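Just so it is clear, the model here is predicted, and its values are computed rather than measured. In what follows, chains carry the letters A, B, and so on, assigned in the order in which the sequence lines appear, proteins first and then strands, with residues in each chain numbered from 1.
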Protein chains: 2
Amino acid sequence: MVKVRIIDVAQKAGVSKSTVSQFLNKRYEFMSEETRKRIAQAIKELGFQPNAIARSLKMKKTNTVGVIVANILHPFSTAVSRGVEDYCQKHGYNVILCNADDNPNKERAYIHMLQMKQVDGIIIASTGANNELLKQEIDRGFPVVLFDRRFDDLETDMVYSDNRKGAYMAIEHLIQLGHKRIALVAPAGPLLSVRSERLEGYHEALKKYGIPADEHLIKFLSKTNTYTELESLWSMQNPPTAVFTINDLMAMEVLTYFKQKLVRIPEDIAMIGFDDFPTAHLLASPLTVVAQPTYDIGVRSAELLIKHIENEDKQSLKYVQHIFPCQLMIRESCGFRKKNGQS
Amino acid sequence: MVKVRIIDVAQKAGVSKSTVSQFLNKRYEFMSEETRKRIAQAIKELGFQPNAIARSLKMKKTNTVGVIVANILHPFSTAVSRGVEDYCQKHGYNVILCNADDNPNKERAYIHMLQMKQVDGIIIASTGANNELLKQEIDRGFPVVLFDRRFDDLETDMVYSDNRKGAYMAIEHLIQLGHKRIALVAPAGPLLSVRSERLEGYHEALKKYGIPADEHLIKFLSKTNTYTELESLWSMQNPPTAVFTINDLMAMEVLTYFKQKLVRIPEDIAMIGFDDFPTAHLLASPLTVVAQPTYDIGVRSAELLIKHIENEDKQSLKYVQHIFPCQLMIRESCGFRKKNGQS
DNA sequence: TAATCAAACTAAACCGATTTATAACCGTGA
DNA sequence: TCACGGTTATAAATCGGTTTAGTTTGATTA
């Protein structure tokens, strides 16, 4: 594995490596036409490709950013990371994608690894458990952008959706269709902004329409209790007539359960999900969902991060919170059909 | 952004940086207990994290591998990359994921970028257009593993599925259900092994059962002609009674078309897809598919690559072709129900 | 007393780029 | 002939680690 180095090019072209370096960095000003051509020729003949590692060491810049997603099983995570990648690629950055798997230890290990790899910045959907570490890095001036989950103890750029409003729209839609017993299915685990805001929207809508909240209609699913919890929900003496799932993975769990139980949507129960996913419109009952602009969340996160990285005048940059609106995509899972997904 | 360097640790501990380096690399043999403790203490107090870029430069090893997928829109690509990531993470490697977007120019740019970043190896679903470049790298001893698509002009490890057999099983299944007019829907573009092998399996099954092939039943879809091609297929004077889609994206296109045309599956037409995807069983008509072990394809590719990277005795390593069997997952899209997905 | 040796540690070279300070060259005007 | 300035090119330092060859120290041996 012989690699061609800048010194090889220099020798071939009969100049010093400094000159070749100038050439590579397009500082042609103090270089004769003649020299320029000889270097170009030598590079071509040798198939020289500069060593980015050496360059990074000297420049203290890797043109690489780290993305840590909470759980790659969520179509949401995939979509966001796609947005990040596209934007970064266009702007000359590479992405190392890390899946924290909802595990704070994994997350911590990834943060450390990314630091050692000298990434220029990190985009993260934090689990919240390593916020002291993140805070420390942010305070040192290391660029960090948070997405999906808002944390009030961290002072940095954040990108997320208007979850309260999104959930509110969903529940309001169900109420307007005549539903009063509306279940909510969420993942178990620490109460992060996403979940609490969507729960807030749920309660707010119920309150607005004078519907009493019934805590038995709210279920938190973990890997182990999924079946029993859904079973207890569906076999209530007074079962829900509609169900709102708080994210894409929950929607899939609930749909799988209903399919197995031969429960029909929307005949037996109405359903709205949070997060649109690629096949949501092809399901047995095309799913009405609250859609987030997932791709744009990724793009915007990347944009903010790179802006932060490339702004050397650290003082002048204010932190921004970018809140995207959600959109209710009405399909057929609530029992009637409209022309368009506009709410 | 002050970074702690090895020299800072050395000064704090009152030793030379060589000794700290020895410590970091766990070469304790020639180090007194006392020194060891002092260094450990200094590292802790300073929160020192070694600079992996500097280390990589000296060691000529980045512990990073590149993965280039053909098109990240395919659930197949996502699943494979997940397998790669998991295996790599367990073995101390990081992954830079690149999406070639079925575009040879993008692919070429990514290969060059990965080389410049000095990745230790590449896992790629090649478009075929840059095989000379890949061949060059392989010849130089650079570790490359191909997946999904087989290329006979490249001598390196390959991991893919038994596509011919997979398609054969699908078509045989349809024939045994009484179908004689079976359409095949594939993506347009260069004829790669995946597509040609699946076409082979299709023809082989027809031939075996004495069914004449009708070229009008075979459609190649591009971004622009999708609707018209499917329209011409469905409005034939003698339309197909079954359709076989050659990959996950084609399945989604066809399903979307049928949904729009209110064509029912399996009542109006039977359907089998290639590649299982997360919601295939939740569709209006749960889709019968030929499943590939996507995650395992990723794991195996990573395993072969890392074995190759870590084998310094280059001579002794023979190239392997790992061919995974496919599995027919029988669901409801062909008009009858069985207990199990075994073919 | 001097030579020998092992243990514990270090100076300096090196990886492959970038950059700063400096040098060589050439033509012009005094 | 020499000083000067502008143009073009280079030597050497640097980034933060690893590693090799070697030094220091104190104890042991001849």
Look at the side-chain N and O atoms of [X] and state whether any lies under 4.0 Å from the OP1 or OP2 oxygen of [N].
X: B:Thr35; N: C:dA8; result: no
X: A:Ser32; N: D:dA9; result: yes
X: B:Lys61; N: D:dT18; result: no
X: A:Lys60; N: C:dT18; result: no

Mind calculating the distance between [atom1] ([X]) and [atom2] ([N]) to the nearest angstrom?
X: B:Arg5; N: D:dT14; atom1: CZ; atom2: P; value: 12 Å
X: A:Leu57; N: C:dT19; atom1: CG; atom2: P; value: 13 Å
X: B:Lys117; N: C:dA17; atom1: NZ; atom2: C1'; value: 15 Å
X: B:Arg27; N: C:dT10; atom1: CZ; atom2: P; value: 17 Å
X: A:Glu34; N: D:dA9; atom1: CD; atom2: P; value: 9 Å
X: B:Arg36; N: C:dA8; atom1: CZ; atom2: P; value: 10 Å
X: A:Glu33; N: D:dA9; atom1: CD; atom2: P; value: 11 Å
X: A:Ile43; N: C:dA17; atom1: CD1; atom2: C1'; value: 13 Å

Here the residues of residues 7-25 of chain B within 4.0 Å heavy-atom distance, strictly under, of DNA chain C are B:Val15, B:Ser16, B:Ser18, B:Thr19

What's B:Phe48 touching, base or sugar-phosphate or nothing? Going by heavy atoms closer than 4.0 Å. sugar-phosphate

Regarding [X] and [Y], is there a side-chain donor-to-acceptor distance under 3.5 Å anywhere?
X: A:Lys3; Y: A:Asn51; value: no
X: B:Ser18; Y: B:Ser21; value: no
X: B:Gln118; Y: B:Thr62; value: no
X: B:Asn103; Y: B:Arg108; value: no

Starting the side chain at C-beta, find the nucleotide from D:dC15, D:dT19, D:dA9 nearest to B:Lys58. D:dT19

Let's see if you can work this out: which of C:dC9, C:dT19, C:dA17 has an atom nearest to the side-chain heavy atoms of A:Met59? C:dT19

If you measure from the Lys or Arg side-chain nitrogens to the Asp or Glu carboxylate oxygens, is any gap between B:Asp148 and B:Arg300 under 4.0 Å? no

Would you call A:Asp86 and A:Lys90 a salt bridge, using N to O less than 4.0 angstrom? no

Take A:Glu137 and A:Arg140 through the test salt bridge (Lys or Arg N to Asp or Glu O under 4.0 Å) and record every step on the way to the result. CA-CA 5 Å; A:Glu137 297 307 321; A:Arg140 287 194 333 158; 3.0 Å; yes

